[in-house]
Amino acid sequence: MRLHRYIGQCGVTSRRKAEEMIAEGRVSVNGERITTPGTSVEEGDAVCVDGRPIELPRKAYYALNKPTGYVTTLSDPARRRTVSELFPPSVVGLKPIGRLDVMTSGLLLVTNDGEFASKVGHPSGMVEKEYVAKVRREPSDRDLARLERGVFEGGERLVAVSARLTGRATPQRPATVRIVLHEGKNRQVRRMLSVIGCPALQLERVRYGPIVLKGMRPGECRKLGMEEVGKILKSLGSAQ
Ligand code: URA
């Protein structure tokens, strides 16, 4: 790994500032001062900044119950609330895997393990994502079958693994629909429900692969055990 990237991942500073630090002669590797940009470091190398040793943070994995109104980003130029405000502050380098819309709540996986994030977030992983939507117009069996066959919207084909009506509409209550996806295209569930004429009034992600939202408070960020992390990896499609 390039030295400036390593310093960035250790949480010392940004990669750009790390390059400046290297040029200023503030970084050493195995006791030798390094000023060449682009130098690589390997596992086991002792890296110091201003004479102090630095280390990569331990890999950490969390399940976050994202409340509505939070943007899935690390910082927002419009200064809206971001999911990163809900991450444990002592853990360096955490990023969400994929995203939920600002008005969608529910389960978001968060990690500082880039390799894990790209495996799990890649479409070939075929991880099941399950959503519960409240819709004012109750979809018919035909509508739901259309979602499972695939609908076209905005030039894209959007397909559900399954789409089920799990709560009937009443004059006081909207209907409830459960949708499972392998895909994770932009605003996919909302777009699919709009195509069949049942736009979502509320949307929550209740499951991501083997990890379920049940029992988590809004805003709670729960550390995943290694067994749960292993289960997520095991659930990935054979293309991985
Ligand atoms: N589908 C959506 O429409 N929104 C999300 O946030 C996630 C899936």
Side-chain angles (χ1 to χ4, degrees), residues 62-76 78 80-87 94-111 117-118 120-139 143-167 174-214 216-221 232 235-237:
Y62 291 87
L64 170 69
N65 182 357
K66 176 194 166 306
T68 55
Y70 282 73
V71 190
T72 309
T73 181
L74 298 181
S75 70
D76 182 48
R80 291 171 297 179
R81 285 173 297 182
T82 70
V83 292
S84 63
E85 293 167 32
L86 304 168
F87 297 171
L94 291 175
K95 289 184 187 151
I97 302 180
R99 56 187 293 280
L100 291 175
D101 310 329
V102 66
M103 288 317 290
T104 298
S105 61
L107 195 57
L108 196 60
L109 298 191
V110 174
T111 183
S118 32
V120 173
H122 196 274
S124 63
M126 309 261 282
V127 180
E128 283 194 354
K129 283 144 289 216
E130 184 167 341
Y131 298 85
V132 173
K134 300 280 180 204
V135 291
R136 191 167 292 128
R137 187 183 84 77
E138 192 175 290
D143 292 326
L144 297 170
R146 264 184 86 194
L147 297 183
E148 293 178 0
R149 272 199 312 273
V151 292
F152 277 91
E153 203 276 340
E156 275 186 307
R157 182 159 180 261
L158 309 172
V159 191
V161 175
S162 68
R164 301 270 176 275
L165 179 69
T166 53
T176 307
V177 178
R178 260 179 198 259
I179 294 190
V180 177
L181 302 182
H182 277 153
E183 306 169 327
K185 293 177 182 151
N186 188 33
R187 297 175 57 81
Q188 181 161 349
V189 175
R190 290 180 191 275
R191 288 161 66 200
M192 292 179 85
L193 289 170
S194 290
V195 170
I196 59 164
C198 307
L201 302 169
Q202 265 179 43
L203 182 62
E204 180 169 62
R205 180 152 73 195
V206 297
R207 182 169 66 85
Y208 194 110
I211 308 298
V212 294
L213 180 70
K214 205 169 170 199
M216 289 183 71
R217 292 173 277 108
E220 180 180 346
C221 198
I232 299 170
S235 75
L236 298 180

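Both counts, for ligands and for their atoms, begin at 1 and track the order of listing. Here, residue 1 is the first one in the sequence, and each next residue gets the next number. Just so you know, these numbers come straight off a predicted model, no measurement behind them.
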* Classify the side-chain pair R191/N186 by whether it contains a donor and acceptor separated by less than 3.5 Å. => no
* **Set of side-chain hydrogen bond (donor to acceptor under 3.5 Å, both in side chains) partners for K134, sequence neighbours left out** => T176
* **Closest contact, heavy atoms only, V159 versus E183** => N-OE1, 3.1 Å
* Any side-chain heavy atom of I211 sitting closer than 4.5 Å to one from I232? -> yes
* Structure fact -> Chain-and-number sorted residues having a heavy-atom contact under 4.0 Å with ligand 1 are L100, D101, T104, Y131, R187, Q188, V189, R190, L203
* **R187 vs T104, side chain to side chain donor-acceptor pair (under 3.5 Å): CA-CA, chis, key distance, verdict** => CA-CA 9 Å; R187 297 175 57 81; T104 298; over 6 Å; no
* Asked: Any chance the side chains of R80 and T73 put a donor and an acceptor closer than 3.5 Å?
  -> no
